[in-house]
Amino acid sequence: MTRRVRRKVAKKGKDDAVSLSYLEIEVEDLGLERNGDVDWTSLPDDTVIQLFSCLNYRNRASLSSTCKTWRVLGASQCLWSSLDLRAHKFDTATATSLASRCVYLQKLRFRGAESADAIIHLQAKNLREISGDYCRKITDATLSVIVARHEALESLQLGPDFCERITGDAIKAIALCCPKLKKLRLSGIKDVYADAINALAKHCPTLVDIGFLDCLNVDEAALENVSSVRFLSVAGTSNMKWDVVSHLWHKLPKLIGLDVSRTDIGSAAISRLLSSSLSLKVLCALNCPVLEEETSISTTKTNGKLLLALFSDIFRELSSLFAETSNKGRNMFVDWRCSNNKDKNLNEIMTWLEWILSHTLLRTAESNPQGLDNFWLKQGAALLLSLMQSSQEDVQERAATGLATFVVIDDENASIDRGRAEAVMRDGGIRLLLNLAKSWHEGLQSEAAKALANLSVNANVAKAVAEEGGINILAALARSMNRLVAEEAAGGLWNLSVGEEHKAAIAEAGGVKALVDLIFKWSSGGDGVLERAAGALANLAADDKCSMEVAIVGGVHALVMLARNCKFEGVQEQAARALANLASHGDSNSNNAAVGQEAGALE
């Protein structure tokens, strides 16, 4: 195997960054000599804090350790209002050590049940937003304790993977403990029963955004009682009684956005909701097979409301929300973000649409249903690229993951759809992905690198990635201390190294040493990163000059170590292939002798 593609994130394991241009300060303003030594301690405190804000947590910690002054600045309240701990081992001990800095923490993102158990030890009583993924093992008890300790909570999101062990009892606890709750989005709940929903209606008067996604059962009648709701999503939820929905939900007095994507809703229910609801403005029904098969839907009157479906022109429909003609076409999302629009309702609708569209497009890409080629080529790819420019980091991540996923035809054989890959390239997707990969947010780095890796299976896209400077960016990401980032970057270098024209560029960018270092850094417990690193080295070792670079930076020893000690078949296969390629150059270099002389190689 010479390539690898990935569709989903491996289960291991908001404030926007300030633009770097903001930090471009004239040297003279600091009283420093342009060609002399820089006295970093003379930088203004505000400048140092701006510098901290552009770094990830590891680099912030390193910078804080340089002197007492910077240690104090590194603990500034503004740097600790938001934490994304998904890429880090977050347990009770870590939480306790961070507690002193989290007094003013307002936003938290975490991953997995162990991290969920540790949240309460942060003692962040001012926490407003909690977002978690890989929540399959989180229990009612854990969630109940979390919400009991954070009564000021305004937003709680768990997903997109299923919360299999969370029941309606936990939803009741959320309602009782969090009276200020405004947004609740939960995925994969087995039974959202009436008492749980009624508790939300009674105790959470400001709850405006509800998402019960991919649930097995949701009590439709009880949702009518949540009169405060403005945005409601039941995307992917099964066993819905659509006749009940169509006769009750139109009575919700404030409902302006409804998402029924990926369900079995039909045209009758759609028509009744559109005609009966006085407040509804947007109804999203993407990838609804029953609806799409009914020919009558094409004549359905929308009464001035937006109906977003696979058979509609989504960009044109969305542009009708705007009075200005400048917001027409595929740049509509971008135009909206750049505008000085002061319409609060419109901004809330667009922000919600970004979230639900990114979620539905990713879920659709993962299931890869037949018959959607035309949609992906004409609208889907462009929608994902537009969503990658969102100001919402989780939307950006899902859009990048969607790009990485929708191009894949066959995971095992590393096959991607040529038309879809080139559609991304034509619409400027390579530059957008590379910009995301340069972000300091490690979640964005990982997803962007994965998308670049998958797209680079196509030779034309690989050429575009190289021409846009992607090799240097991926080589830099391969040096990341975050294993998921390094793993996806190594996958990108693996696929790019298939092309003979890219091998020298990878070596010049320091990619060979970065790949060898990965093997030593993650020699145990990192089968994904090891297979990708060894696979890339195997491709590079087939080139005479690159094979010498592999040997110089310790690659022979690293590969022999993998072949002997690693228990994962894929890793062993790539390590053996790399050693074979190193030894295949005969008298043109000394690598064959180097392999034979390495202790344990012949064995």
Side-chain angles (χ1 to χ4, degrees), residues 8-14 56-58 60-61 80 82-103 105-150 153 155-167 169-171 173-174 177-178 184-190 214 393-394 397-398 401 441-447 480-488 521-529:
K8 298 182 181 179
V9 179
K11 292 191 178 180
K12 305 169 186 173
K14 259 191 194 161
N56 61 34
Y57 303 123
R58 289 188 183 89
R60 288 183 191 180
W80 292 90
S82 176
L83 271 180
D84 184 352
L85 297 168
R86 293 172 299 161
H88 308 274
K89 179 177 175 57
F90 180 60
D91 53 18
T92 300
T94 304
T96 302
S97 68
L98 290 173
S100 63
R101 300 189 176 192
C102 293
V103 176
L105 184 65
Q106 294 191 357
K107 300 178 183 179
L108 176 67
R109 300 185 74 179
F110 73 93
R111 174 166 290 165
E114 182 182 17
S115 295
D117 291 334
I119 288 175
I120 59 172
H121 297 284
L122 285 173
Q123 301 180 31
K125 295 183 179 180
N126 294 307
L127 207 55
R128 298 288 190 272
E129 300 179 20
I130 294 178
S131 177
D133 55 24
Y134 297 128
C135 300
R136 291 182 183 273
K137 295 183 179 180
I138 294 178
T139 63
D140 282 355
T142 296
L143 186 53
S144 298
V145 171
I146 290 173
V147 296
R149 298 288 184 89
H150 303 97
L153 205 62
S155 173
L156 177 63
Q157 302 184 70
L158 301 179
D161 50 305
F162 296 173
C163 303
E164 296 176 344
R165 301 176 67 180
I166 293 176
T167 70
D169 292 345
I171 297 176
I174 293 169
C177 296
C178 304
L184 178 65
R185 294 169 177 163
L186 303 174
S187 296
I189 309 295
K190 291 182 179 179
D214 296 295
E393 186 183 339
D394 55 344
E397 286 186 23
R398 275 194 298 274
T401 308
H441 293 279
E442 292 176 325
L444 294 178
Q445 291 176 355
S446 175
E447 298 310 317
S480 172
M481 293 297 293
N482 182 322
R483 186 170 67 183
L484 289 178
V485 174
E487 186 172 316
E488 302 300 352
K521 188 186 301 182
W522 308 109
S523 57
S524 60
D527 53 304
V529 68

Could you tell me whether a side-chain N or O of Asn126 sits under 3.5 Å from a main-chain N or O of Val103, the two making a donor and an acceptor?
yes
Shortest non-hydrogen pair, His150 vs Ala124, comes out as CD2-O, 3.0 Å
Of all heavy-atom pairs between Ala113 and Lys137, which one has the smallest distance, and what is that distance?
CB-CB, 3.8 Å
Spacing of Phe90 atom CZ and Leu122 atom CG [to the nearest 0.5 Å]:
4.0 Å
Any side-chain heavy-atom pair from Lys89 and Glu114 closer than 4.5 angstrom?
yes
Measuring from Ile166:CD1 to Leu143:CG, what's the distance to the nearest 0.5 Å?
5.0 Å
With rounding to the nearest 0.5 Å, note down the distance linking OG in Ser82 to NZ in Lys107.
6.0 Å
Taking the side chain as C-beta and beyond, is there a heavy-atom pair between Leu444 and Glu397 under 4.5 Å?
yes
Quick check for you: to the nearest 0.5 Å, what is the distance between Leu156 atom CG and Glu129 atom CD?
10.5 Å
Side chain to side chain contact (heavy atoms under 4.5 Å, CB included) with Arg109: which of Asp394, Ile130, Leu85?
Asp394
Report yes if the side chains of Lys190 and Thr167 come closer than 4.5 Å at any heavy-atom pair, otherwise no.
no
Using only atom types and a distance under 3.5 Å, with no angle test, would you say the side chain of Asp214 pairs donor to acceptor with the backbone of Ser187?
no
Return yes if some donor-acceptor pair links the side-chain N/O of Asp161 with the main-chain N/O of Cys135 below 3.5 Å, else return no.
yes
Partner residues of Glu164 under the side-chain hydrogen bond (donor to acceptor under 3.5 Å, both in side chains) criterion, sequence neighbours left out
Arg136
Closest non-hydrogen contact found for Ser480 with Ala486 is O-CB, 3.9 Å
side-chain contact (heavy atoms from CB on, under 4.5 Å) partners of Ala116, counting only residues at least two apart:
Phe110, Ile138, Thr142, Ile146
Check: Glu442 main-chain N/O paired with Ser446 side-chain donor or acceptor under 3.5 Å:
no
Quick check: closest heavy atoms across Asn482 and Leu484, and the distance to 0.1 Å?
OD1-N, 2.9 Å
Over all atoms of both residues, closest heavy-atom pair of Ala95 and Ala118:
CB-O, 3.3 Å
Rounding to 0.5 Å, atoms OG1 (Thr401) and CD (Glu447) come to a distance of 3.0 Å
By side-chain contact (heavy atoms from CB on, under 4.5 Å) - contacts of Arg60 (at least two apart)
Phe52, Leu55, Tyr57, Leu79, Trp440
Is the count of non-hydrogen atoms from other residues, nucleotides or ligands lying under 6.0 Å from Arg101 atom CZ greater than 12?
yes
I need the minimum non-hydrogen distance between Arg128 and Leu153, along with the two atoms involved.
O-CD1, 3.5 Å
Once you round to the nearest 0.5 Å, how far does CG of Asp84 lie from CZ of Arg111?
8.0 Å
